[in-house]
Amino acid sequence: MNLYRYSSPASFYPLAGRMIPWFAWSAAILAAIGLYIGLSMAPTDFQQGEAYRIIFIHVPSAWMSMFLYLVMAFWGALALGFNTRLSAMIGQAIAPTGALMTFIALWTGALWGRPTWGTYWAWDARMTSELILLFLYFGVIALRNAIDDDRRADRACGVLALVGAVNVPIIYFSVQWWNTLHQGSSVSMVAAPKMAAIMLAGMLVMALAVWFYSIAVTLVRVRCIILERERGAAWTGQMTEPGKT
Amino acid sequence: MSEFLAMGGYGFYVWGAYGVTALAVVVELIALRARRRAALQASTEAVR
């Protein structure tokens, strides 16, 4: 099988169509399991009471908001380096979902901060850099909309995505580099997690659900973008006849 | 059930977080469906 074949929008379109239901259903099932663990099985926290249950959406969406930015920058770099249309389209498709994840992380963080820290918001390094991430996503989307020529927009957005990527390690390490109101990470690749196994399980299942959701939604959006940008090419008409996936 | 909804006095914060997240996801899915319909319609019209 020649994987390079799928770098063409015309052959990627049906492939994405076949993958979407798998990712969408995985996301739905995992979210149901994760919510059940998080809201019903996991016990009350001895310090924070029930307020800690926000963790099951806050941490997965915050992880995803950073990860999606790196993925967007990666595809932007590929598009810049190889001048491939599909890479740029994938980057374009990721931006709105990245912004959504960033918004959810900020929103749930505010509602978690109020009962535990006594404030919805503080200008500490973690929160400020995450807010900058939201503005970077908005910037990429706005830049795209401001440029009429798609290929020029691809290059401009690729550069902005790459430059903005320096913000991601700043968000990630902010709790170590500066004194932040935000706590350090509870989960690490190298140390034992600082939370009960059932709570960790719920969080990881939710993180997987958010992964699959993001992939499914991005694939649907890539297909929209392909249709919008390849409009008039003969294959798009054939692909969208009734009965075709 | 009402105990579950009260979330030990943190109901506003917990359900405010979960509710707005659910709403945001639903809004994204509806917007995406509308975009897909518009794109499909435009591309079938382009061939005719």
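Letters A, B, ... mirror the listed sequences (proteins, then strands); counts begin at 1.
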Output the residues of [range] for which the shortest heavy-atom distance to chain B is under 4.5 Å, in residue-number order; output 'none' if no such residue exists.
range                       : value
residues 43-53 of chain A   : A:Gln48, A:Gly49, A:Glu50, A:Ala51, A:Arg53
residues 201-217 of chain A : A:Tyr213, A:Val217
residues 27-38 of chain A   : A:Leu35

Q: Please flag which part of A:Ser61 lies under 4.5 Å from any non-hydrogen atom of chain B: side chain, backbone, both or neither.
A: neither
Grab the two heavy atoms, one from [X] and one from [Y], that are nearest each other, plus how far apart they are.
X        : Y        : result
A:Leu111 : B:Phe12  : CD2-CE2, 4.0 Å
B:Gly16  : A:Trp107 : O-NE1, 3.2 Å
A:Cys224 : B:Ala39  : O-CB, 4.0 Å
B:Tyr13  : A:Ile54  : O-CD1, 3.6 Å

Heavy-atom count check: over 12 atoms from other residues, nucleotides or ligands less than 6.0 Å from [X] [atom1]?
X        : atom1 : answer
A:Asp148 : CG    : no
A:Trp117 : CH2   : yes
A:Arg151 : CZ    : yes

Q. Most heavy-atom pairs under 4.5 angstrom with chain B, which of A:Ile226, A:Ile225, A:Leu100?
A.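 Heavy-atom pair counts peak at A:Leu100.
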**Q.** B:Val27 portion near chain A, given a 4.5 angstrom heavy-atom threshold
**A.**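 Nothing of B:Val27, per the 4.5 Å heavy-atom cut-off to chain A.
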Q | Contact class of B:Tyr10 relative to chain A, heavy atoms under 4.5 angstrom | A | side chain
Q) Restricting to pairs with a member in residues 12-32 of chain B, which pass salt bridge (charged side-chain N to carboxylate O under 4.0 Å, His left out), not counting sequence neighbours? A)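 Listed by first then second residue: A:Arg221-B:Glu28.
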(Q) So A:Leu227 and B:Arg35, do their side chains get closer than 4.5 Å, heavy atoms only? (A) no
Q.
Return the CG to CZ distance between B:Leu32 and A:Arg223, rounded to the nearest 0.5 Å.
A. 11.0 Å
